[in-house]
2 protein chains.
Amino acid sequence: MGDNGRVTQETGARRPNIYDVASAAGVSKSLVSLVLRGAPGVSPARRAAVEEAIERLNYRPNRAAATLAGNRSRTIGVVLDDYRNLWFVGLLSGLHEQFAPLGFRVAVADPSFNAHLDRTPVDGLMSLRVDGIVIATEPSEEMFAALDVPAVVAGNRDIPVPGADVVANDDLVGSRLAVEHLVGLGHREIGHVTGGGGAARLRAQGYEAAMRENGLRPHIKEGQGLTMESDGYQASLKLLDQNPSLTAIFAANDTMALGAAGAARDRGRRIPEDLSLIGYDNSPLASANLLRLTTVDGRNEEVGAGAAKALLDRMKDPSAPLRTMLVEPELVIRASTAAVTV
Amino acid sequence: MGDNGRVTQETGARRPNIYDVASAAGVSKSLVSLVLRGAPGVSPARRAAVEEAIERLNYRPNRAAATLAGNRSRTIGVVLDDYRNLWFVGLLSGLHEQFAPLGFRVAVADPSFNAHLDRTPVDGLMSLRVDGIVIATEPSEEMFAALDVPAVVAGNRDIPVPGADVVANDDLVGSRLAVEHLVGLGHREIGHVTGGGGAARLRAQGYEAAMRENGLRPHIKEGQGLTMESDGYQASLKLLDQNPSLTAIFAANDTMALGAAGAARDRGRRIPEDLSLIGYDNSPLASANLLRLTTVDGRNEEVGAGAAKALLDRMKDPSAPLRTMLVEPELVIRASTAAVTV
DNA sequence: TCGTGTTTCTGGAGCGCTCCATTTTTGATT
DNA sequence: AATCAAAAATGGAGCGCTCCAGAAACACGA
């Protein structure tokens with residue numbers, strides 16, 4: 001008993017391996033391996049027999065063994081910084097879209113988790129023997145010290161990196177889009193709220209340049225912490241209090257824009273009637289009906305797809321010169337910006 | 001040249017393995033293995049020698065080999081459903097907090113990714129040879145078909161599961177907290193917006209029961225799709241239009257509450273003056289200054305910690321009876337609810 | 001000095017695959 | 001039917017570890 005038909009793994013029952021499948025299908029283990037990897041040059045009859053045996057035994061390949069034997073994991077590691085900032089969602093789907101058809105998996109690591117076991121998330125991925133790494137957080141020296149496979153930095157382009165290609169949206173252009181949209185609506189007194197972190201730095205820089213080009217005086221307020229909602233709120237309050245003539249705020253990202261919207265509400269400024277507001281990222285937040293936020297779309301899916309391509313190129317030719325690829329951002333106009341009322 | 005001091009891995013240079021470390025430290029590979037695993041009973045002198053060699057050679061253990069040889073990966077897999085619904089963030093940190101000290105990693109899989117390579121995310125984790133699985137999405141039959149290690153379902157408790165413990169917040173109690181808070185503020189006409197999915201179903205059920213207990217008539221409106229912002233918006237619009245006398249809305253989660261807030265604004269209802277609003281999850285969204293949303297905190301960190309404990313218990317004793325553990329939710333009162341004005 | 005237990009250290013076997021060189025089978029062409 | 005190239009299938013070696021049984025080193029009292 002307990003052994004009939006489809007095998008339900010009971011305690012102690014050894015998991016079937018490639019040899020079990022081979023003998024069940026009446027072929028060699030090597031042939032099973034070929035079928036598993038979808039290799040060409042296997043006769044349809046044998047392939048079907050192997051597949052049937054796999055199904056019947058409820059066989060699952062052991063990826064640890066495959067990785068060890070092949071010295072490659074067919075996995076791409078992605079280093080994230082914070083799950084709460086949703087820009088990575090598009091990035092992941094762009095990466096996945098490119099890698100999946102090639103048989104590569106995408107594995108995610110974030111710095112806060114597993115910190116006890118590895119010095120950096122890169123360490124963790126290295127010991128998984130990933131075939132490539134996408135760094136979607138602010139890159140640091142020690143990450144690159146541990147690096148041993150092709151890498152590409154996605155999203156951050158202000159920090160010079162020793163040995164990685166860079167793919168990002170063009171934050172400078174994005175900021176210009178935002179400023180010019182507001183200027184086109186007649187705004188002259190435009191504030192910017194920002195925070196720590198690479199992309200934010202570039203966005204502030206782009207804002208400042210665009211303002212000067214338009215002959216306008218920049219007003220930048222940096223939140224205490226990073227680029228969270230509360231930082232956007234605090235910075236916006238200060239901005240509004242110090243410059244009552246402000247008619248528009250450009251926030252370094254949508255989350256900070258949410259904070260800015262809170263500050264506007266608390267200061268009795270209606271959006272967009274009394275204050276235009278514009279964000280960055282085109283996150284799910286921006287399309288919420290309460291905000292209907294005009295925002296800069298960094299096209300993170302394209303950034304992800306570009307990162308995937310850069311990684312694949314580098315895996316083919318590790319000695320090719322390092323490249324930086326910039327994705328052109330787009331302005332998404334919703335209801336949080338309006339012509340300035342005199 | 002290119003061989004001085006700290007070894008920077010060049011193309012073609014074989015990665016150091018446990019034997020390289022052993023001979024560099026003048027010990028056996030077995031001793032290196034012991035040091036790597038932090039085993040007791042290694043003399044301080046040898047331990048130091050090994051650690052020095054590891055550092056000098058820039059050695060990284062090969063987890064594939066360790067997993068294969070030990071027939072365990074010291075990794076717990078987590079199946080997520082959607083990165084955009086942030087309730088999982090607390091869950092992950094609760095899980096991690098418990099597992100990290102025990103030397104277990106936490107690996108995340110989500111259904112949409114790697115779908116081409118595996119039939120279910122559980123398949124993917126199984127071939128990684130995870131030592132346990134936390135299912136943080138709506139469990140399905142086929143997930144359990146592939147299962148071969150201890151599993152616990154976290155967050156969803158309405159679906160009966162064949163072979164897994166369940167840890168969740170008590171949605172029925174949470175809904176009651178919400179309704180009673182509103183009733184205490186004098187509300188009688190309280191609507192509920194909900195959507196598809198297990199937790200939502202229970203929350204609606206709890207709402208209905210609590211309403212009836214208080215002698216009130218329930219008003220439930222389900223969005224077209226799932227439990228996203230737009231579903232909350234649409235359902236709330238209908239609710240408000242059909243029941244103009246409504247003074248409060250309880251949303252199945254914070255994201256839907258954001259949608260409800262949009263609907264309220266579009267119908268000229270101020271929050272909380274004209275309409276009280278209450279959410280569920282206590283996500284980062286709820287604390288945003290624009291919303292200051294009263295919400296039910298499902299205490300996801302505790303759910304995560306509980307799931308970890310359940311999993312560890314089951315790893316020790318696979319034959320123990322299945323358990324369901326419920327975490328008591330808490331009401332977080334912010335500024336979106338107020339006494340009803342007559 | 002010699003046991004005798006305890007702690008520390010070691011070599012061998014084997015985990016389940018991939019890769020490769022080789023063998024077997026197939027099928028086209030004389 | 002004989003020959004030969006191409007296609008399909010195979011067996012062996014080895015990836016880098018863990019685990020285990022046993023060897024070596026050490027501690028301590030008789």
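Per chain, numbering begins at 1; letters A, B, ... match sequence-line order.
Judged purely by atom type and a 3.5 angstrom limit, B/Ser73 uses its side chain to pair as donor or acceptor with the backbone of B/Arg129.
Side-chain atoms of A/Ile133 and A/Met143, non-hydrogen and from C-beta on, never get closer than 4.5 Å to each other. Between A/Leu95 and A/Ile76, every side-chain heavy-atom pair lies at or beyond the 4.5 Å cut-off. Within the 4.5 Å cutoff, the side chain of A/Ile18 has heavy atoms near those of the A/Leu36 side chain. Looking only at side-chain heavy atoms (C-beta outward), A/Gln98 and A/Leu311 stay at 4.5 Å or farther from each other. Contact check for A/Leu91 versus A/Val89: no side-chain heavy atoms found under the 4.5 Å cut-off.
When the side chain to side chain donor-acceptor pair (under 3.5 Å) test is applied to A/Asp123, the partners found at least two apart in sequence or on another chain are B/Arg60. Remark: A/Asp313 engages A/Arg323 in a side chain to side chain donor-acceptor pair (under 3.5 Å) (not counting sequence neighbours). Remark: B/Phe99 pairs with B/Phe104 by the ring pair (Phe, Tyr, Trp, His ring centres under 6.0 Å) rule, at least two apart or across chains. Evaluation of the salt bridge (Lys or Arg N to Asp or Glu O under 4.0 Å) rule for A/Asp131 yields A/Arg72 as partners, not counting sequence neighbours. Scored by the salt bridge (Lys or Arg N to Asp or Glu O under 4.0 Å) test, A/Arg37 finds no partners at all (sequence neighbours excluded).
Against DNA chain D, the stretch residues 125-133 of chain A makes no heavy-atom approach under 4.0 Å. Within a heavy-atom distance below 4.0 Å of DNA chain C, the residues of residues 36-48 of chain B found are B/Gly41, B/Val42, B/Ser43, B/Arg46. Taken residue by residue, residues 18-30 of chain B places heavy atoms nearer than 4.0 Å to DNA chain D at B/Ile18, B/Tyr19, B/Lys29, B/Ser30.
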Distance-only donor-acceptor pairs under 3.5 Å for side chains of residues 46-53 of chain B, two or more places apart:
residue	atom	partner	partner atom	Å
B/Arg47	NH2	B/Ala39	O	2.9
B/Glu52	OE2	B/Arg56	NE	2.9

Name the atoms and distances for all side-chain donor-acceptor pairs under 3.5 Å in residues 299-306 of chain A, with sequence neighbours left out.
residue	atom	partner	partner atom	Å
A/Arg299	NH1	A/Glu328	O	2.8
A/Asn300	ND2	A/Trp87	O	3.3
A/Glu301	OE2	A/Ser93	OG	3.4

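Each end of the helix from C/dT1-D/dA30 to C/dT30-D/dA1 gets its own axis, taken as the rotation carrying the C1' atoms of four end pairs onto the next four within a five-pair window, and the two axes meet at 40° to the nearest 10 degrees.
Using a 4.0 Å heavy-atom criterion, one finds that A/Asn71 contacts no nucleic acid atom at all.
On the nucleic acid side, DNA chain D has its first and last nucleotide under 4.0 Å of a heavy atom of chain A at D/dA8 to D/dG16, going 5' to 3'.
With A/Arg63 as the partner, the side-chain contact (heavy atoms from CB on, under 4.5 Å) test is satisfied by one option alone out of B/Thr67, B/Leu128, B/Leu68: B/Leu128.
What separates CG of A/Leu34 from P of C/dC20 is a distance of 12 Å, to the nearest Å.
Taking the six-membered ring where tryptophan is involved, the planes of B/Phe88 and A/Tyr83 are perpendicular, since the angle between them exceeds 60° and thus also 30°.
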